[in-house]
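Scroll down for the structure; my scribbles are underneath it.
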Amino acid sequence: MPSDHTALRAFSVLPPSAREQIQFSTVCLSHPRYSCAGALVVDANRVQGIVAAKHHLCAHAGMDTPAIWHQDQVNNLAANFLDGLEVGYDFAAAVGEPGRPPSPRLWQRLDTDCCGIEFRNGYGRWDYDLMFICLRSPQPLRDYIAANPAHRIAYGNGDLAFYGQDMAGKAVFATGFGHAHALQIHHARVVNRHQQVRRQRHPKLHFTDVLSLDGAAGGGPVFHVAGNGRVYLLGATLDIDVLPDRPPPAPAVIRHAATALYAGNYLF
């Protein structure tokens, strides 16, 4: 879904530093037949990496997210996702017109020698839909992250007071990619936080720690800009329809949702 005029207007009135950080922190994760988005980050332990939705491992392989974690299967999915993965980064400082959005200016090819996938507090289960692509060895992406604070989102234990608060009502910007790797910007608000939701196509299966959104959510990272202009990464979009775990008499479909970066008193 391309960026709409409302989203671009809302994005255009952000402080320039916030706009640039959202764009520079967004990366395109591209294979010949599959593309998605992630966010460049520096975590609480000063580890450089990319936060993205875990279900991309399965979508890239042409399969639904499984119900049960099988380690050999996960190892194969992770290795296949990383092998030959092209990361597009360094977007122009200005978002183009709706018909001419910017595309990445630089690309780096990843493999299992230079990086690895960590699941952290989501290890051993598919219901928490985040993964961390750790950039292990010296490489251009690590240099890019280190070159400028605007090139990544940093988070740590000093941010727990923010992440532990009620996110309902907070405005967010979700980024993704369309045709020819064109950057897309979507605008929404957080409606609620759900401890768990049910997958619409498989109601007996769940996703946990989910933020429901009231508008289009793109297909990648979800950012919030605080009143002081600081940019926070709230999570990454699920990109599928889900159902509340305790539905009203007529179950309401949650069409736009994201997995929260902060879950179980742990900042991913």
Side-chain angles (χ1 to χ4, degrees), residues 2-3 7-8 11-12 14-32 34-43 46-53 56 60 81-111 113-117 131-155 172-187 218-225 229-237 261:
S3 309
L8 291 176
F11 192 71
S12 69
L14 292 175
S17 59
R19 292 199 307 269
E20 292 178 9
Q21 189 168 13
I22 289 173
Q23 289 178 243
F24 293 151
S25 298
T26 297
V27 291
C28 181
L29 308 177
S30 181
H31 284 279
Y34 185 81
S35 293
C36 56
L40 296 175
V41 302
V42 176
D43 73 3
R46 307 301 299 167
V47 176
Q48 298 171 317
I50 302 169
V51 170
H56 292 312
H60 169 251
F81 186 81
L82 287 177
D83 188 29
L85 178 65
E86 298 277 354
V87 180
Y89 61 104
D90 193 38
F91 295 87
V95 173
E97 296 299 319
R100 299 183 62 186
S103 296
R105 295 193 290 199
L106 299 173
W107 290 86
Q108 182 188 326
R109 188 179 182 89
L110 300 187
D111 56 41
D113 292 330
C114 73
C115 58
I117 294 180
M131 63 181 178
F132 189 100
I133 303 175
C134 180
L135 305 174
R136 294 191 294 225
S137 58
Q139 55 188 285
L141 268 173
R142 286 183 54 165
D143 295 339
Y144 181 77
I145 291 172
N148 191 323
H151 292 175
R152 77 292 192 278
I153 305 295
Y155 56 85
V172 298
F173 293 90
T175 53
F177 294 92
H179 178 69
H181 302 126
L183 179 66
Q184 299 174 348
I185 304 288
H186 302 278
H187 185 44
V222 177
F223 304 92
H224 169 71
V225 182
R230 179 172 173 183
V231 179
Y232 291 91
L233 178 66
L234 294 194
T237 54
L261 192 75

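- Scanning for side-chain contact (heavy atoms from CB on, under 4.5 Å) contacts around D111 gives D113, C114, with sequence neighbours left out.
- Interatomic distance, S25 OG to I50 CD1, rounded to the nearest 0.5 Å: 11.5 Å.
- Here CD1 of I185 is found 4.5 Å from CZ of F11. Values are rounded to the nearest 0.5 Å.
- A 4.5 Å side-chain heavy-atom check between I145 and L135 finds at least one atom pair inside the cut-off.
- To the nearest 0.5 Å, atoms NE2 (H31) and CG (L85) are separated by 4.5 Å.
- A search for side chain to side chain donor-acceptor pair (under 3.5 Å) contacts involving T26 returns T175, not counting sequence neighbours.
- Contact of the C134 side chain with the C115 side chain is not registered, since no non-hydrogen atoms from C-beta on lie closer than 4.5 Å.
- In this structure, D43 CG and R152 CZ are separated by 11.5 Å, a value rounded to the nearest 0.5 Å.
- Looking at every heavy atom in both residues, G176 comes nearest to A37 through CA-CB, 4.1 Å.
- Using a 4.5 Å heavy-atom cutoff, the side chains of L261 and L234 are not in contact.
- If you take CG on L110 and CZ on R136, they are separated by 11.0 Å, rounding to the nearest 0.5 Å.
- For the salt bridge (charged side-chain N to carboxylate O under 4.0 Å, His left out) test, residues two or more places apart in sequence or in another chain that qualify with R109 are E86.
- No side-chain heavy atom of I153 sits less than 4.5 Å from a side-chain heavy atom of L40.
- For the pair V172 and H187, the tightest heavy-atom approach, listed with the atom from each and the gap, is O-ND1, 3.1 Å.
- In this view, P16 and R19 satisfy the side-chain contact (heavy atoms from CB on, under 4.5 Å) rule, not counting sequence neighbours.
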Could you walk me through whether V222 and L233 pass the side-chain contact (heavy atoms from CB on, under 4.5 Å) check? CA-CA 6 Å; V222 177; L233 178 66; 5.7 Å; no
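- Take Y144 and apply the ring pair (Phe, Tyr, Trp, His ring centres under 6.0 Å) test, not counting sequence neighbours, and it matches Y89, H151.
- Proximity of C36 to F177: side-chain heavy atoms (C-beta onward) are nowhere separated by under 4.5 Å.
- H56 has its side chain within reach of F81: a pair of non-hydrogen atoms, C-beta onward, lies under 4.5 Å apart.
- Using modelled atom types, one side-chain atom of Q48 and one backbone atom of R142 make a donor-acceptor pair closer than 3.5 Å.
- Counting only distance, with no hydrogens or angles, the side chain of H181 and the backbone of C28 share no donor-acceptor pair below 3.5 Å.
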Working for ring-ring contact (aromatic ring centres under 6.0 Å, His included), residues F173 and H224: CA-CA 6 Å; F173 293 90; H224 169 71; 9.0 Å; no
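- Residues meeting the ring pair (Phe, Tyr, Trp, His ring centres under 6.0 Å) test with F223, sequence neighbours left out: none.
- In terms of the side-chain contact (heavy atoms from CB on, under 4.5 Å) criterion, residue partners of R230 (sequence neighbours excluded) are, by chain and number, D159, N228, Y232.
- With contacts defined as side-chain heavy-atom distances shorter than 4.5 Å, the pair Q139/D143 does not qualify.
- For A53 against A236, the heavy-atom pair with the smallest separation is N-CB, 4.0 Å.
- Shown here for W107 and S30, the closest heavy-atom pair between the two residues is CZ3-CB, 3.9 Å.
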F24 and N148: side-chain contact (heavy atoms from CB on, under 4.5 Å), yes or no, with the steps? CA-CA 10 Å; F24 293 151; N148 191 323; over 6 Å; no
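- Between Y155 and F132, the ring center distance fails the sub-6.0 Å criterion.
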Take L14 and I22, measure what side-chain contact (heavy atoms from CB on, under 4.5 Å) needs, and give me the verdict at the end. CA-CA 11 Å; L14 292 175; I22 289 173; 4.2 Å; yes
